[in-house]
Amino acid sequence: MALGDLMASRFSQSSVSVGSNHLDHYVPSSSNEDGDFGTSNLSYLPQNVVFCELRHEAFEACVPCGPSESGLVSKWRPKDRMKTGCVAIVLCLNISVDPPDVIKISPCARMECWIDPFSMQPRKAIESIGEALKKQYERWQPKASYKEKLDPTVDEVKKLCTTCRRYAKSERVLFHYNGHGVPKPTTNGEIWVFNKSYTQYIPLPISELDSWLKTPSIYVFDCSAAGLIVNAFIELNDWGAASTSGSTRDCIILAACEAHETLPQSSDFPADVFTSCLTTPIKMALRWFCTRSLLRESLDHSLIDKIPGRPNDRKTPLGELNWIFTAVTDTIAWNVLPHDLFQRLFRQDLLVASLFRNFLLAERIMRSANCSPISHPALPPTHQHHMWDAWDMAAEICLSQLPSLVEDSGPEFQPSPFFTEQLTAFEVWLDHGSENKKPPEQLPIVLQVLLSQSHRFRALVLLGRFLDMGPWAVDLALSVGIFPYVLKLLQTTTPELRQILVFIWTKILALDKSCQVDLVKDGGHAYFIRFLDGMEAYPEQRAMAAFVLAVIVDGHRRGQEACIEAGLIHVCLRHLQGPNANDTQTDPLFLQWLSLCLGKVWEDFTEAQMVGLEANAPAIFDPLLSEPQPEVRASAVFALGTLLDVGFDSNTESVIGDDEYDDDEKTRTEISIVKSLLSVVSDGSPLVRAEVAVALGRFAFGHNKHLKAIAAACWKPQSNSLLTSFPSLAQIKGTGSGCNTPNQLGSIVSSQIGPILRVGNDNTTVRDGRVSSSSPLVASGVMHGSPLSDDSSQHSDSAIAPDGVSNGVAHSFMPKPLDNAMYSQCVVAMCTLAKDPSPRIASVGRRVLSIIGIEQVVAKSLKTSGNSVRPGETIAGASSLAGLARSSSFFEMHTTGQLPLTFRTPPVSPPRPSYLAGMRRVYSLEFRPYLMSSPESGLADAVLASGGTTGPPERSFLPQSTIYNWSCGHFSKPILTAADDCEEISARREEREKLALEHIAKCQHSSVCKFNSQIASWDTRFETGTKAALLQPFSPVVIAADENECIRIWNYEDAALLNSFDNHDFPDKGISKLCLLNELDDSLLLVASSDGNIRIWRDYSLKGKQRLVTAFSSIQGHKPGVRSLNAVVDWQQQSGYLYASGEISSIMVWDLDKEQLVHSIATTSECSVSALSASQVRGDLHAAGFVDGSVRLYDVRAPEMLVSAMRPHTKEVERVVGIGFQPGLDSTKIVSASQAGEIQFLDVRCTGEPYLTINAHRGCLTALAVHRHAPIIASGSAEQRIKVFSLDGQPLGTIRYHPTFMAQKIGSVSCLTFHPYQVLLAAGAADACVSLYANENAQGR
């Protein structure tokens, strides 16, 4: 299957799986009035799974890395490209005179450079040989300078070497020595040359030769006993390393034989067989092959010189043989050599690479003559590598065609099947290989195949499959040398290669970011912009192009400039503006990477920001903030955040009107961006909120003085409760959504934040969108951070026009009234983020607050100072502001709460009451933020501004975005293949479904007659008693939590504590409910706090291994005067919805798959919700009980959503304590229990009276549990009693707590929960005891 088809099928499968998380069809309600429990149905088993995406793996634990810029992964790139600039050829042949230490055989090898030296005059012969050798070397390095010396003296050799080094400069010099006419080298490593009269052999020490040639250099010694020279060089190298000369650091040697060997003299070989292998490998290889193959009788050796074609033309026989030879030798070297050595010898220098490829042939041929060529650095033996068999076959196929090709020009040359077969072998490896197996040896061949148009597409597809196996595969491919080939392919215009090239570059850049420079240098960015703008590819493939472009511009100014010139910003914005009717390009991955790409293009690049703002980018991004995928929302926030100009509020006054982009327009645009950011500050995904915090940090940096002024006014001590001055985020969001003009928004927010601007007395107010000059916002003292008294700046009440300040105190950075409203909302949002339930986001939030001078203070719970709040006063903002303080050099005020605050200097004003336990404000000449150094905050220890400095905070202090680096991880993982563990997960799921259905059938047919058999009891040792409990469905485990949100997990069969941990470290504690998510798969533990914060844990039963998956606040907004939210929640696996309410006027419906608030259902009741229950068989229904005793049923599909309303509880104390749907598929029957002790059985189809009432307890009912499948319910009371009833009201048992022989008295019942698939009840008590009860007939455990 082609890679494009494979990608298409893979992506289509993934998109279907993503879209099917929510079931569109639910089983209709049963019409059986009597409640038939005899049918087990898969409707009981929800199919969707939540929180299993990449973003949920380890958000809190670590920050994923993006593409690497340096380090191990960049080892593939040669450190220093090298070129051999000069070649020195020294021939010591002395033709017709044999050296004294050589006894030649007859017939003897005579050919030198394929020339018979005895066929002409000696002088002419040596000149011809020298010229021939020069031309043979020019075949491999035509641009080098060649100099030769024939039968030279020592002085001539010295002059030659010094001349070559002077010419080559820092490039490599090749020294070729042919010593066939002189004695063997000496044991001291001396080679021989001649005196001027050719009467003596003169020794030339190798050390002198090395001192003349210096480094870098490569030597070729073609003489007998050449190993002696190598040994001398090694000793010289060791000596050089010991001293400081280091003259042989980059010295490479190729020698014809070992120290004790003599060159072959057989007439089957040329006399210079080693040189022939190095410089004419094809000719030498074919001649040697002919002597050993079956063709030796039928093939004339002279035909080898007539092979048609050119070595560089791969479509001709000679070119194909050369191509195959290169592929074979490269493959042998890559599979045998260490990668560092392979890079040095085969990738650094073209001539060195060619010589070493040919050296492998020399080793194979000369070893057949009992002669072993050696090298420095030494290579392992390669002469018996099995790839030589593939070469022999290719040579035989070519030679078998040779006679007909030479004699008759008619027959066409039949290409070798070598590359096709090798690609097939590579494909077989891809089907069965892995990271843990031996790498595919065909990888260098795939590299060579890319040169051929006929094989290129298949090779690229297979290469793409290989790269998709992981970063290790990409690193291997880069180390073999794939990079320059795929870079050059970007210049092609072949349409069928575009998709696979984009895929390959995606994989490369996901590993190594440094390739961005090469791409921009070669104009590769234009290729990807064209692909991105085209419509023929799948959206997922175009997302890859956007990823490549994002990497190209990431931190690379030249890349940013080049992409802007190519129109990248307009291309991306055009595709973000929504598809046409016939277009389906709304893939979330595509939207995500378009946003990230734009964010990276204009990140810290003013020119690009101007282009984006002029193109109305903020308005284009605004709809993306409500997209269902958190990754898209987070990416859109990132793009909006990078549009904010960090240097907006600098000390130097900007000249208005000189900028290309109008300053007022820029201000309006930034306000628009901040409004968009504030709309998602309470998003359900930590991924999104983290980006909001980072973006607000940029805004705080750019508008530092404005925000400091607002913060100073907010923390000004005053008689009224400070917390009333902040509008809640829910109110901001609610009112802001209806504002169409800035004036409307300004007037609404001004009315909400009026008390903020009131300092000292009530005369200082916001009037008609204008700020009084006596306001601390414009008072010079506050603007410059000096201490103020309560009655400061009360002498003027003149109005300030929005354009400036009448008294001339501040003009260049004075925020306008509209801006003041926005700044106030930003401060509230920053405080909210600093108290985020996600520790990482809270850390970033505190960092942002420190930019505007507010610092975290470790404080005790607010409860210790709760009595200081006057009746009727609100502390609505306490949850977001408690634990925060103004930060500066000394404290101004003392708190009357129970806080261990110490003072470094005396306060500047008398102590006064404070309603903000854990908050402080301090003034100095400038609001310098200084940081708390704590391990979890991740903040620097340094003070940002030294004494006397009035500038903004250091730029390096800005919190850094993580969405880009995190998103890059998607492309590092396999895209084309599904995960290996899918089958295992599916098998486990099927096993659990089968087990669950069996237990459901048993529950439905169970006939419980007496239910009071205690099977286990556990003293949780909770200080405040057990407040919530939960039974795991497929293991004997009970989970319990106390009011301090300490969670403990206990195995009741083994009576063993499995794990214990705290839900969070914030001072405000209180548990609401425990729920299990994905109970048929790897279950997650949802912990709901009383303040509405939701935290979801993975691996919660493993001691010390629990991991926070996500955290968010499920309740937004609150009723005036409410001190505690008293949140109630319930989870509905069928739909993936979490329902949350409490002391608010609505029910929040969260889609946990989207991590988004999808509905806010108005309760239409003045009373608060006290109990919630979601139907587990109908994913659209949920019931709510209220404090006034009323019950309402809601259907999220209905336009009004309210289906039924009734009030079954009519006594004085009517708070609904518990509510639940009756077992079975009939979702119209509800059980409701009130605090007065009544249990009412309701049928919502009959909105009149309940059809059954049970007076279970008298005025003290505390808990209700309804079994999911068995026809039983249970209720608990403060009188230490639990009663169990059937659905027709028959009592099945009463459990009383009796004093034991240890005189222990169990406390009141605080929570009840049934096992989801067994008739098993867990009860938690106020005295920390958890007990488990079963049917009297159940086996004791």
Side-chain angles (χ1 to χ4, degrees), residues 525 529 532-533 542-543 545-547 549-550 552-554 557 559-579 585-586 588-627 629 631-648 659-681 683 688 691-692 694-699 702-703 736 740 742 822 961 963-964 967:
H525 62 283
I529 293 177
L532 178 66
D533 200 23
R542 294 166 66 197
F547 162 75
L549 290 164
I552 288 175
V553 299
D554 180 23
R557 180 50 56 88
Q560 290 174 311
E561 294 170 349
C563 287
I564 290 176
E565 292 170 6
L568 176 60
I569 291 179
H570 297 289
V571 169
C572 291
L573 288 176
R574 185 166 63 253
H575 291 292
L576 279 175
Q577 288 186 45
Q585 307 285 348
T586 54
L589 188 67
F590 186 46
L591 296 177
Q592 176 185 350
W593 276 104
L594 284 174
S595 303
L596 291 173
C597 181
L598 284 172
K600 282 296 178 182
V601 167
W602 56 51
E603 185 177 34
D604 301 327
F605 189 20
T606 305
E607 180 185 341
Q609 291 171 354
M610 293 299 115
V611 174
L613 294 177
E614 289 172 356
N616 202 20
I620 295 173
F621 276 108
D622 196 55
L624 297 182
L625 299 178
S626 58
E627 281 289 312
Q629 293 78 18
E631 295 89 346
V632 176
R633 302 198 300 272
S635 302
V637 171
F638 168 75
L640 287 172
T642 51
L643 263 180
L644 294 171
D645 186 1
V646 173
F648 181 81
D659 295 336
E660 181 183 349
Y661 194 72
D662 183 70
D663 195 55
D664 289 339
E665 180 65 26
K666 182 177 180 180
T667 301
R668 284 194 294 271
T669 307
E670 290 209 333
I671 290 174
S672 171
I673 292 173
V674 174
K675 280 178 61 180
S676 298
L677 296 176
L678 292 176
S679 70
V680 288
V681 75
D683 193 275
V688 180
E691 294 307 311
V692 174
V694 172
L696 288 178
R698 292 176 63 89
F699 182 74
H703 297 245
N740 298 322
M822 188 61 65
S961 167
I963 181 63
Y964 169 75
S967 298

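Keep in mind that the numbers below use all heavy atoms, side chains included, and drop hydrogens, waters and symmetry copies. Just so you know, these numbers come straight off a predicted model, no measurement behind them.
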L625 vs L640, side chain to side chain contact (heavy atoms under 4.5 Å, CB included): CA-CA, chis, key distance, verdict: CA-CA 10 Å; L625 299 178; L640 287 172; 4.1 Å; yes
With S672 via side chain to side chain donor-acceptor pair (under 3.5 Å) - residues at least two apart: none
Under the side chain to side chain donor-acceptor pair (under 3.5 Å) test, residues paired with D622 that sit two or more places apart: S676
Pairs meeting criterion salt bridge (charged side-chain N to carboxylate O under 4.0 Å, His left out) with involvement of residues 588-598, two or more places apart: none
If you compare all heavy atoms of [X] against all heavy atoms of [Y], which two are closest, and at what distance to 0.1 Å?
X    : Y    : value
D604 : R557 : O-NH2, 2.8 Å
A562 : H525 : CB-NE2, 3.6 Å
L549 : I529 : CD2-CG1, 3.7 Å
V632 : P588 : CG2-O, 3.3 Å

Nearest 0.5 Å, please: how far is [atom2] in [Y] from [atom1] in [X]?
X    : Y    : atom1 : atom2 : value
Q609 : I569 : CD    : CD1   : 9.5 Å
L678 : I671 : CG    : CD1   : 11.5 Å
L643 : E670 : CG    : CD    : 9.0 Å
L573 : I620 : CG    : CD1   : 4.5 Å
M610 : T669 : CE    : OG1   : 8.5 Å

From CA spacing to verdict: side chain to side chain contact (heavy atoms under 4.5 Å, CB included), L568, L532: CA-CA 9 Å; L568 176 60; L532 178 66; 3.9 Å; yes
Under 3.5 Å donor-acceptor pairs involving side-chain atoms of residues 589-599, not counting sequence neighbours:
residue: Q592; atom: NE2; partner: S967; partner atom: OG; Å: 2.8
residue: S595; atom: OG; partner: L591; partner atom: O; Å: 2.9

Worked check of side chain to side chain contact (heavy atoms under 4.5 Å, CB included) between F621 and V637: CA-CA 8 Å; F621 276 108; V637 171; over 6 Å; no
Flag, side chain of R698 to backbone of L644, donor-acceptor distance under 3.5 Å: yes
Flag, side chain of E691 to backbone of F638, donor-acceptor distance under 3.5 Å: no
Residue list, salt bridge (Lys or Arg N to Asp or Glu O under 4.0 Å) with E561, at least two apart or on another chain: R558
Pairwise side-chain contact, W602 with V611, heavy-atom cut-off 4.5 Å (strictly under): no
Any residue meeting side-chain contact (heavy atoms from CB on, under 4.5 Å) with V553, in chain and number order, not counting sequence neighbours: Q560, C563, K600, V601
